[in-house]
Amino acid sequence: MKIIFLGAPGAGKGTQASIIAARHSIPKLSTGDMLREAISSGSELGAQVEKIISAGNLVSDDIMIKIIADRISKMDCKQGFILDGFPRTIPQAEALEKILNDGRENVMTVLFLDVAEEKLIKRLSGRYSCKKCGKSYHKTLNSTKVDGICDDCGSSEFIYRSDDDEKAVRNRLRVYYQQTAPLISYYEQAGKLVRINGGDSIECITDAIELNLDRIFSNNNKIATESK
Ligand code: AMP
C-alpha cells in the first residue's frame, strides 16, 4: 500500500496520514516533520531550510527528492508507506515515479483532500500539537479533552508552528495554488487520483478514505490474481 496525501496546508493530510498509517501498520513519511526535526536538531540541513519554512516557501526540489529517496529506501518502507507533504511540485512527482519505477502501473494511490479556502484559513490559525507524541489539536475545532493535557500521552507541552502565523499562512496557500495544485490534474490524468471531501469531520473523512482504499486494493488484488 503506497499512498500519497495531496491537499492544501490545513486540509488534514497529517491527521489522516497518522490515522491510516497506524491502522495499516505502515510508516508515515512527513517531509514537514523531517524538516522540523532537522531544524530542532541544529543540523546543517536545518540551518539551510529554517528561513524558507518560516516564510511559508518551498524547500528546493533537489533537497526534497534526496530526503525522500533516502527515506523510501529504508527496510520499513518495503511493505508500503504514506507520503504526507511530498510531492509538492511536478518535478518532485516525476522524480518519485523514477524512484518507484511507477510508469503505467498504478503503484501509488493519490488521496486528494478537497477543502474550501475559507475553511483552510480557519483550520490553520489555531492548530497545535503535542510536543511529546505529536497528536494534532485545534483551539476551537478539536481541543484536548482536559484543558492543557494531551489526550493520548498526558503531556502538558504543546507546539505552535511559526509558519501558522497569518502572513505565512497566506503565503503557503499562494505557493500551494501556484506550485502544488497542478498535481491534481497531473494525477487525475494518470488515473491515480481519488477525491475525498476534506471538509467533513475527522471521523467521516477517515471512513471515506477507508472505503476507497478497500475498493482500490481489493480491485488490485483481483487483477493480480487474474493475471497469474
Ligand atoms: P508541512 O508540515 O507539510 O506543511 O510542511 C511545512 C513546510 O516544510 C512547508 O511549508 C515547506 O516550507 C516545507 N516542505 C515540506 N515538504 C516539502 C516539499 N515536498 N517540498 C518543498 N518544501 C516542503
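For ligands, and for the atoms within them, numbers begin at 1 and follow the listed sequence.
Heavy atoms of R172 found under 4.0 angstrom from ligand 1 belong exclusively to the side chain. Residue contacts with ligand 1 for N57 involve N, CA, C or O but no side-chain atom from C-beta outward (heavy atoms, distance under 4.0 Å). Residue contacts with ligand 1, taken as heavy atom pairs separated by less than 4.0 Å, involve R161 solely via side-chain atoms from C-beta onward.
Hydrophobic clustering (side-chain heavy atoms under 4.5 Å, transitive across Ile, Leu, Val, Met, Phe, Trp, Tyr) keeps L211 apart from L111.
The two residues G199 and K119 make their nearest non-hydrogen contact at O-NZ, 2.9 Å.
A salt bridge links R170 to E166: one of the charged nitrogens lies within less than 4.0 Å of a carboxylate oxygen.
Distances from atom 17 (C) of ligand 1 to the heavy atoms of R36, R88, M34 put R88 nearest. Of the options I52, I39, T31, V59, the smallest heavy-atom separation from atom 22 (N) of ligand 1 is shown by V59.
Closest protein heavy atom to atom 7 (C) of ligand 1: I53 CG2, 4.0 Å.
Interatomic distance, CG of N197 versus SG of C204, reported as 9.0 Å (0.5 Å rounding).
At least one side-chain heavy atom of I202 sits under 4.5 Å from a side-chain heavy atom of I19.
Numbered from 1 in the order shown, with element, the atoms of ligand 1 that lie under 4.0 Å from a heavy atom of Q92 read 18 (C), 19 (N), 20 (N), 21 (C). When each atom of ligand 1 is checked for a heavy atom of L35 under 4.0 Å away, the hits are 8 (O), 13 (C), 14 (N), 15 (C).
Polar contact check, P87 against ligand 1: no nitrogen or oxygen pair lies under 3.5 Å apart. Close N/O approach between F86 and ligand 1 is not found [any backbone or side-chain N/O within under 3.5 Å].
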Evaluation steps, salt bridge (Lys or Arg N to Asp or Glu O under 4.0 Å), between K66 and D62: CA-CA 6 Å; K66 182 165 183 332; D62 287 354; over 6 Å; no
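With I4 as reference, Y187 is the one residue of Y187, F81, F112 to meet the side chain to side chain contact (heavy atoms under 4.5 Å, CB included) rule.
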